[in-house]
Asker: 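Have a look at this one.
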There are 2 protein chains.
Amino acid sequence: MYQPDVYEKMCPTRLVLDRIADKWAVLILHLLRAGPVRFNQLRRTIKGISQKVLSQTLKKLERDGLISRAVFATVPVTVEYALTPLGRTLTDTVAALAHWAEHNIEAVLAAQQAYDRGCPAAAEMVTANDAAEAA
Amino acid sequence: MYQPDVYEKMCPTRLVLDRIADKWAVLILHLLRAGPVRFNQLRRTIKGISQKVLSQTLKKLERDGLISRAVFATVPVTVEYALTPLGRTLTDTVAALAHWAEHNIEAVLAAQQAYDRGCPAAAEMVTANDAAEAA
DNA sequence: CGGAATCCACGTTGATACTG
DNA sequence: CAGTATCAACGTGGATTCCG
């Protein structure tokens, strides 16, 4: 499914994109900003994610050096995930993304409605201001 | 696969994330910064994408009001895709992401190698500076 | 609590072929 | 050129079960 010879050599950005272009990964990174979080704590907060996918995503992020994994020998065992210094530099950018999303979600929804109504021409004219007025 | 009652109402950001957390979408948005681009032009530039997926992705982006689609009645027909004003506001944020990727790709790769070597402890200590020194 | 392993259903992708 | 349609193949995700 993946041809490193074609993708990564040409454009290293794609490798990074493959990681952060993941809804769950972004969500996790965002949640860890406040401090270390335990596995099931993440699981409960990010409603809708399965433990398998959460586990996989955490492992990928750890492999990329974006988060760290700390095991405490309590009974039962406690595992805390936290941002690494590298991971923290990424959350700043992710925060900008979240900011855009919060400010433009209405414009996107308005465009979708216009498109679904059958007039895509109107959709492309939707702006953040238009959406704000409509609200 | 999607429960709007759980996701979108709780956190509208997730809806936006579902769109932009897509490698191809981000790539397309990035390519359109310079100006309108034709379908097969995109297809050739983004090596590895199939025409079906490209078509689907373009349609989603158009529906979200991020790109516009212009048809010219030439023979054969010409179709140009371009950023909408709304889409342009997003590319600024995407550019920040690309910037992070370019500057930290080496740190990520170094972390991956450390992790794969069996010492995840080292991976979480990798920083952009470390990677720069190693290079 | 924090996973790993198994099984299975589903969606998504990639060829291929055809249309306007 | 710019798609759509169809179908088989694949991978990914969810549910469940069990272990340390």
Side-chain angles (χ1 to χ4, degrees), chain A residues 1-7 14 17-28 31-32 36-63 67-82 115 118 120 124, chain B residues 1-7 14 17-28 31-32 36-63 67-82 115 118 120 124:
Chain A
M1 64 177 288
Y2 212 51
Q3 294 105 321
D5 57 317
V6 176
Y7 294 96
R14 291 199 182 185
L17 264 181
D18 277 336
R19 301 305 140 129
I20 58 182
D22 173 14
K23 185 175 60 171
W24 301 127
V26 173
L27 247 24
I28 291 171
L31 285 173
L32 291 184
V37 184
R38 286 181 300 107
F39 185 86
N40 279 338
Q41 209 171 341
L42 283 170
R43 185 157 152 51
R44 277 188 299 271
T45 309
I46 309 175
K47 291 181 181 58
I49 193 173
S50 68
Q51 84 284 43
K52 185 170 76 174
V53 174
L54 176 57
S55 181
Q56 288 173 348
T57 307
L58 288 170
K59 211 174 298 180
K60 284 181 191 172
L61 290 172
E62 188 193 359
R63 189 171 105 95
I67 68 173
S68 62
R69 182 175 180 275
V71 183
F72 299 96
T74 55
V75 181
V77 64
T78 299
V79 180
E80 275 188 358
Y81 292 92
Y115 185 93
E124 69 184 71
Chain B
M1 65 178 287
Y2 213 51
Q3 293 106 319
D5 57 318
V6 176
Y7 295 95
R14 291 200 182 183
L17 264 181
D18 277 336
R19 302 304 139 130
I20 57 182
D22 173 15
K23 185 175 60 171
W24 301 127
V26 172
L27 247 25
I28 292 172
L31 285 174
L32 292 184
V37 184
R38 285 180 301 105
F39 186 87
N40 278 340
Q41 211 172 341
L42 282 170
R43 186 156 152 51
R44 277 188 299 269
T45 308
I46 309 176
K47 290 180 181 61
I49 193 173
S50 68
Q51 83 283 43
K52 186 170 72 174
V53 174
L54 176 56
S55 181
Q56 288 172 348
T57 307
L58 287 170
K59 211 175 294 179
K60 283 181 191 172
L61 289 172
E62 188 193 359
R63 188 172 107 94
I67 67 174
S68 62
R69 182 176 180 274
V71 183
F72 299 95
T74 54
V75 180
V77 65
T78 299
V79 179
E80 274 188 358
Y81 292 91
Y115 185 92
E124 69 185 69

Asker: Within the structure shown, what part of the strands sits under 4.0 Å from A/Gln51 by heavy-atom distance: base, sugar-phosphate, or nothing?
Answerer: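 Touches a base.
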Asker: Compare the minimum distances between each of C/dG14, C/dC1, D/dA2 and the side chain of B/Val77, then state the nucleotide with the smallest one.
Answerer: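 The answer is D/dA2.
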Asker: Could you check how far CD1 of A/Ile46 sits from P of C/dG2, rounded to whole Å?
Answerer: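 Distance, rounded to whole Å: 14 Å.
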Asker: Please state whether the phosphate of D/dC1, meaning OP1 or OP2, lies under 4.0 angstrom from any side-chain nitrogen or oxygen of B/Arg43.
Answerer: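 Answer is no, no contact under 4.0 Å.
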Asker: Side chain of B/Arg44: nearest nucleotide among D/dG20, D/dG14, D/dC1?
Answerer: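 Out of D/dG20, D/dG14, D/dC1, the nucleotide with an atom closest to B/Arg44's side chain is D/dC1.
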Asker: Atom NZ of B/Lys23 to atom C1' of D/dT12: distance rounded to whole Å?
Answerer: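 Taking atom C1' of D/dT12 as the reference, NZ of B/Lys23 is at 15 Å.
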Asker: Are any side-chain N or O atoms of B/Arg69 and backbone N or O atoms of B/Val79, one a donor and one an acceptor, separated by less than 3.5 Å?
Answerer: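 It does not hold such a pair.
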Asker: Without decimals, in angstroms, what is the distance between B/Lys60 NZ and C/dG11 P?
Answerer: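 To the nearest whole Å, that distance equals 13 Å.
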Asker: Taking the nucleotide of DNA chain D with the closest heavy atom to each, which residue, B/Arg38 or A/Val53, is nearer the 5' end?
Answerer: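 The residue mapped nearer the 5' terminus is B/Arg38.
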Asker: Take the protein atom NZ of B/Lys52 and the nucleotide atom C1' of D/dG3, then report the distance between them rounded to whole Å.
Answerer: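 Between C1' of D/dG3 and NZ of B/Lys52: 13 Å.
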Asker: Nearest 0.5 Å please: distance from the NZ atom of B/Lys60 over to the OG atom of B/Ser55.
Answerer: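 That separation rounds to 11.0 Å.
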Asker: Keeping B/Thr57 on the side-chain end and B/Val53 on the backbone end, is there a donor-acceptor pair under 3.5 Å?
Answerer: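 The answer is yes, because a donor-acceptor pair under 3.5 Å joins these two groups.
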Asker: Grab the CD-P distance between A/Glu62 and C/dG2 for me, whole Å please.
Answerer: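 Going from CD in A/Glu62 over to P in C/dG2 covers 15 Å.
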Asker: Whole-Å distance between D/dG13 P and A/Leu54 CG?
Answerer: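 In whole Å, D/dG13 P lies 12 Å from A/Leu54 CG.
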Asker: When you check the phosphate oxygens OP1 and OP2 of C/dG3, does a side-chain N or O of A/Lys59 lie under 4.0 Å from one of them?
Answerer: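 Answer is no, no contact under 4.0 Å.
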Asker: Between A/Tyr81 and C/dG3, is there a side-chain N or O to OP1/OP2 distance below 4.0 Å?
Answerer: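 Looking at the OP1 and OP2 atoms of C/dG3, one of them is under 4.0 Å from a side-chain N or O of A/Tyr81.
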Asker: Between atom CZ in B/Arg69 and atom C1' in D/dC1, what is the gap in whole Å?
Answerer: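 In whole Å, D/dC1 C1' lies 12 Å from B/Arg69 CZ.
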Asker: Between atom CD1 of A/Ile67 and atom CG of A/Leu58, what is the distance when rounded to the nearest 0.5 Å?
Answerer: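 Separation between the atoms: 4.5 Å.
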Asker: At 4.0 Å (heavy atoms only), tell me whether B/Gln41 reaches a base, stays on the sugar-phosphate, or touches nothing.
Answerer: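 Here B/Gln41 touches no strand at all.
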Asker: With sugar-phosphate meaning primed atoms plus P, OP1 and OP2, does B/Phe72 contact a base, only sugar-phosphate, or nothing at under 4.0 Å between heavy atoms?
Answerer: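 Since no nucleic acid heavy atom lies under 4.0 Å of B/Phe72, the category is nothing.
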Asker: Does a nitrogen or oxygen in the side chain of B/Gln56 sit under 4.0 Å from OP1 or OP2 of C/dT13?
Answerer: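 So the side-chain polar atoms of B/Gln56 do come within 4.0 Å of the phosphate oxygens OP1 or OP2 of C/dT13, strictly under.
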Asker: Nearest nucleotide by nearest heavy atom, which residue falls closer to the 5' end of DNA chain C, A/Val79 or B/Pro76?
Answerer: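 Upstream on the strand: A/Val79.
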